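Notes to accompany the following structure.
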Amino acid sequence: MKLLTTEHARLIAEAIQKAQSTGQLPPFELPTIEIRPPKKADQGDYACAIAMQIAALADIKAANTNPFDIATTIVQNLPAAGFVSRVEAVRPGFINFWLSEEWLKAQVETIIAEDDTFFRLDKGLGKRAQVEFVSANPTGPLHVGRSRGAMVGDTIARLLEAAGYAVEREYYFNNAGVQMVNLGNSLRIRYLEVLGQPVQIPAEDDTTFYQGVYLQEFARDLVTEQGDALKDADWKPFKEYAEKRMFEIIRGTLRRVNVVHDVFFNENSLYESGAVWETLAALEKAGHIYESATRENADAEEIEKAQHMAPAKWFRSTTFGDNEDRVVVKNDGNPTYTLPDIAYHMNKLGRGFDLLVNILGADHGAQYKVVQYGVKALGMDASKINVVIIQLVRMIRDGKEVKMSTRRGDYDTLDDLIDQTSPDVVRYILLARSADSHLNFDLDLAVKQSNDNPVYYVQNAHVRCAGILREAGARGLSDEDADVQLLGSAEQRFLRKALELGEVIDVSTALLEPHRIAFYAHELAGIFHPIYDEVRAMHGDVSPEVAKARLRFYRAAQVVFKRVLNLMGMSAPERM
RNA sequence: GCCCCCGUAGCUCAGUGGAUAGAGCGCAGCCCUCCGGAGGCUGAAGCACAGGUUCGAGUCCUGUCGGGGGCACCA
């Protein structure tokens, strides 16, 4: 199925060209032709405001040509098209198109034939895209805040696939930092505790200790597996063990919500390959690094404070628009996170993707800019790195905010949430907000299985289609060889909306705004349910031919709902 | 103090510079002997404020006020 907006735009472009060649319109540089379904039914199925844009062009404006006349001229020159039944120019200068009802009804068969590939677009054909998301270090289970990025990232990946891209999902992690040492030490203490050794469990406010119950579980398993063999070991084997177990948990959790990464990229590999130091060398060679105890242009107070400090290596990111320069190598010789981050993005750019997408939480929002400055400093095109910043999730229970902390152990894990609700509910709620908007996750509402909950409303549409076809089968009724021209205006209302799916995929991938598919799904269901109420297929006063056509329609509707649910990573249940 | 995001209906949120700003919940009424009851119909109610750009602004720009987040030789 092709994008109907594009098809209409092509007609307009041809009409303008024709009008120009005959002198009905003067020559001008054509603005982008935007086609959009209007809000009101009497304004057609698709509308175009190009005549107003043309009238506003400087030389046209000088000639004082009014937009309505331009629109009329365009309409007069439009070529015929099978999908259009009527076109009209209206004041102040809109061009409104109506879809051919005959053509529209025939799309039932197209939808059924295309099935899972309904509106697979070609805009990403032959192109490779990478989406990096989640990327949590394995210090604890995923909590709800993190998982918003998981749903957004995975849904962007699914939409990009629908747009025709070959997509890779990547998870970037660091198992070498001080947090992982703390994790190893925390497990060591729990291990010794299980062995009955006299250990002091650190206090709750000790920021170097992970309190979570999962570590006690790991400790018990470790004793079962290895006995007291590790009683004199340092943190290292404990870190190894905790990391392995934690990743199993994280991957298992993600799998529950249909999120599967193709590549797990370890920051360590950038040290092993030498990429980190090569990045530093390249920055130095380009003259963007200086060695100093303070940043350049530091004030007296700062210099005073740093007078006994050994020099560090600074990246002069202010050259590229940063507020201040950044340390890339600490005075103890170790890099800050910035340097491997730059190296990582250079690595990504070097892998030849046509599109890179990076999903980050708002708490990391400022950091990506430094990476982009670094990439720019090395002569690469930083604009190829598309960053989606996701605002934080606020958990609400009993109308009040629930504070979360992984280290303290009183987090709301994604696993807990899935247990209380369902993978589909979690996916939908975390997806159905613009990334720019703070998300209030109402735990009470999510847990509630009622029609307050939009997830069921959408899935029930699919259930109803499946149910009616199941019932028809039981009664020996078939929808084969149906005459879809017998369908009525209600069914056409649904088909019009279904044919907008392509635009949703197109726009949400172009703008990297996957929440659009969630709202679309709800709107589509909102159009479907009244129709289902009204358009009976197996009622006494419905003729067999009409019944057959309607069953055919419900089969097409089922395809559309299944496709949309799949794009959101949700299941399409046959029964509730 | 500086940077980023957000202020749209009582609440939670949509709205790719186009025509009369939408949905869900809640509230007030109502419908359905169904292939669905996690259903359907109707109604009240809104763009924080002030300038600007534009043929046209909820949308873009500036400022004010309000809310959230970030500003380490931590990641």
Side-chain angles (χ1 to χ4, degrees), chain A residues 34 36 38-40 42-43 47-49 52-53 55-56 61 66-67 90-94 96 137 139 174 176-180 207 267 293-294 306 309-314 322-324 326-332 334-338 340-341 361-367 369 389-392 394 396 399 432-440 442 445 448-457 459-461 463-465 467-472 474-475 477 503 506-508 510-511 513 515-516 518-520 522-523 526 529-534 536-539 547 550-551 554 576:
Chain A
E34 303 274 2
R36 189 180 300 271
K39 289 168 191 159
K40 301 288 169 187
D42 62 357
Q43 294 165 353
C48 182
M52 264 97 75
Q53 288 169 258
K61 204 172 170 182
N66 86 58
V90 293
R91 292 187 191 280
F94 292 100
N96 297 334
N137 290 338
T139 56
N174 171 22
V178 66
Q179 300 297 338
M180 293 301 293
T207 57
E267 182 183 324
T294 63
M309 285 174 74
K313 290 194 177 183
W314 297 74
D322 204 353
N323 297 336
E324 53 187 37
R326 311 284 167 169
V327 171
V328 286
V329 181
K330 296 181 267 184
N331 60 18
D332 66 4
N334 290 312
T336 63
Y337 66 89
T338 303
D341 258 13
D363 51 344
H364 291 67
Q367 276 78 12
K369 282 195 172 171
I389 302 286
I390 299 183
Q391 297 304 312
L392 300 183
R394 194 178 303 142
I396 308 288
R433 288 283 180 280
S434 154
D436 283 340
S437 159
H438 297 270
L439 193 156
N440 287 324
D442 186 333
L445 178 71
K448 216 190 307 181
Q449 300 206 355
S450 75
N451 57 352
D452 298 2
N453 197 327
V455 179
Y456 297 102
Y457 187 75
Q459 288 185 318
N460 193 32
V463 167
R464 285 176 148 184
C465 293
I468 191 170
L469 291 165
R470 190 168 55 235
E471 176 67 20
R475 296 188 190 186
L477 298 171
E503 272 73 34
D506 186 43
V507 172
S508 57
L511 303 177
E513 293 182 352
H515 69 280
R516 289 166 184 274
F519 284 92
Y520 172 78
H522 196 262
E523 285 167 19
H529 286 300
I531 293 171
Y532 190 77
D533 220 36
E534 175 189 337
R536 308 285 164 123
M538 283 174 283
H539 218 248
R550 289 179 176 177
L551 286 173
Y554 285 117
M576 278 300 184

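Hydrogens, waters and symmetry mates are skipped; everything else that's a heavy atom, side chains included, is used. In this text the structure is predicted, and so the values were computed from the model without any measurement. Chain A is the first sequence line, chain B the second, and so forth, proteins listed ahead of strands; every chain is numbered from 1.
- Pair assignment for B:A48: B:U64, on the basis of Watson-Crick or G-U wobble contacts that are both within less than 3.5 Å.
- Within 4.0 Å (heavy atoms only), A:H529 reaches sugar-phosphate atoms of the nucleic acid but no base atom.
- Counting to the nearest Å, the P atom of B:G56 and the CZ atom of A:F94 are 13 Å from each other.
- Across the P atoms, B:G24 and B:U42 are found 10 Å apart, a figure rounded to whole Å.
- Mapping A:Q43 and A:A432 onto RNA chain B by nearest heavy atom places A:A432 closer to the 5' end of the strand.
- At the heavy-atom level, A:N440 lies under 4.0 Å from the strands shown only through sugar-phosphate atoms.
- Between B:C32 and A:Y532, no contact under 4.0 Å exists linking OP1 or OP2 to a side-chain N or O.
- An OP1 or OP2 oxygen of B:C73 is reached within less than 4.0 angstrom by no side-chain nitrogen or oxygen of A:N334.
- Base engagement by A:A47 is indicated by at least one non-hydrogen atom pair under 4.0 Å involving a base atom.
- Contact annotation for A:A55: no contact, since no heavy-atom pair falls under 4.0 Å across all strands.
- At a cut-off of 3.5 angstrom, counting only N and O atoms as typed in the model, there is no donor on one side facing an acceptor on the other between the side-chain of A:N323 and the base of B:C2.
- Neither OP1 nor OP2 of B:G70 sits under 4.0 Å from any side-chain N or O of A:K369.
- Residue A:N137 is classed as a sugar-phosphate contact, given heavy-atom separations below 4.0 Å to backbone atoms only.
- A:R470 comes within contact range of no nucleotide atom at all, as no heavy-atom separation falls under 4.0 Å.
- Under 4.0 angstrom from either OP1 or OP2 of B:A75 there lies no side-chain N or O belonging to A:T336.
- As rounded to whole Å, 16 Å separates atom P of B:U20 from atom CZ of A:R91.
- Among the atoms of the strands shown, base atoms are found under 4.0 Å from some heavy atom of A:A293.
- The pairing partner recorded for B:G17 is none, the criterion being a Watson-Crick or G-U wobble arrangement whose two distances lie under 3.5 angstrom.
- Spacing between atom CZ of A:R36 and atom P of B:U59 amounts to 16 Å, rounded to whole angstrom units.
- Residue A:K40 is in base contact, counting any heavy-atom pair closer than 4.0 Å across all strands shown.
- One finds the CD atom of A:Q53 at 7.5 Å from the SG atom of A:C48 (value rounded to the nearest 0.5 Å).
- Judged by Watson-Crick or G-U wobble contacts below 3.5 Å, the nucleotide B:A57 has no partner.
- In this structure, the separation between CG on A:L551 and CD on A:E471 is 10.5 Å, given to the nearest 0.5 Å.
- Candidate nucleotides B:C13, B:G69, B:U16 were compared by shortest atom distance to the side chain of A:R516, and B:U16 ranks first.
- Within 4.0 Å (heavy atoms only), A:R475 reaches sugar-phosphate atoms of the nucleic acid but no base atom.
- For the pair A:R475 and A:M538, the tightest heavy-atom approach, listed with the atom from each and the gap, is NH1-CB, 3.4 Å.
- In this structure, CG of A:D533 is placed 14 Å from C1' of B:C30, rounded to the nearest angstrom.
- The partner of B:A28, taking Watson-Crick or G-U wobble pairs whose two distances both stay under 3.5 Å, is B:U42.
- Nucleotide B:A23 holds its P atom 17 Å from the NE2 atom of A:H515, rounded to whole Å.
- Base contact: A:H364 has a heavy atom under 4.0 Å from a base atom.
- Pairing for B:C2 is with B:G70, a Watson-Crick or G-U wobble pair whose two hydrogen-bonding atom distances lie under 3.5 Å.
- Nucleotides B:G26 and B:G39 place their P atoms 10 Å apart, quoted to the nearest Å.
- Looking at heavy-atom distances under 4.0 Å, A:A310 makes contact with a base.
- Neither OP1 nor OP2 of B:U20 sits under 4.0 Å from any side-chain N or O of A:K39.
- Counting any heavy atom pair closer than 4.0 Å across all strands shown, A:E523 reaches no nucleic acid atom.
- For B:A19, its base sits under 3.5 Å from the side chain of A:N96 at one donor and acceptor pair at least.
- A distance of about 28 Å separates the C1' atoms of B:C30 and B:A14, rounded to the whole Å.
- Looking at heavy-atom distances under 4.0 Å, A:D322 makes no contact with the nucleic acid at all.
- Counting non-hydrogen atoms under 4.0 angstrom, A:F519 reaches the backbone sugars and phosphates but no base.
- If you take atom P in B:C49 and the same atom in B:U59, they sit 11 Å apart, rounded to whole Å.
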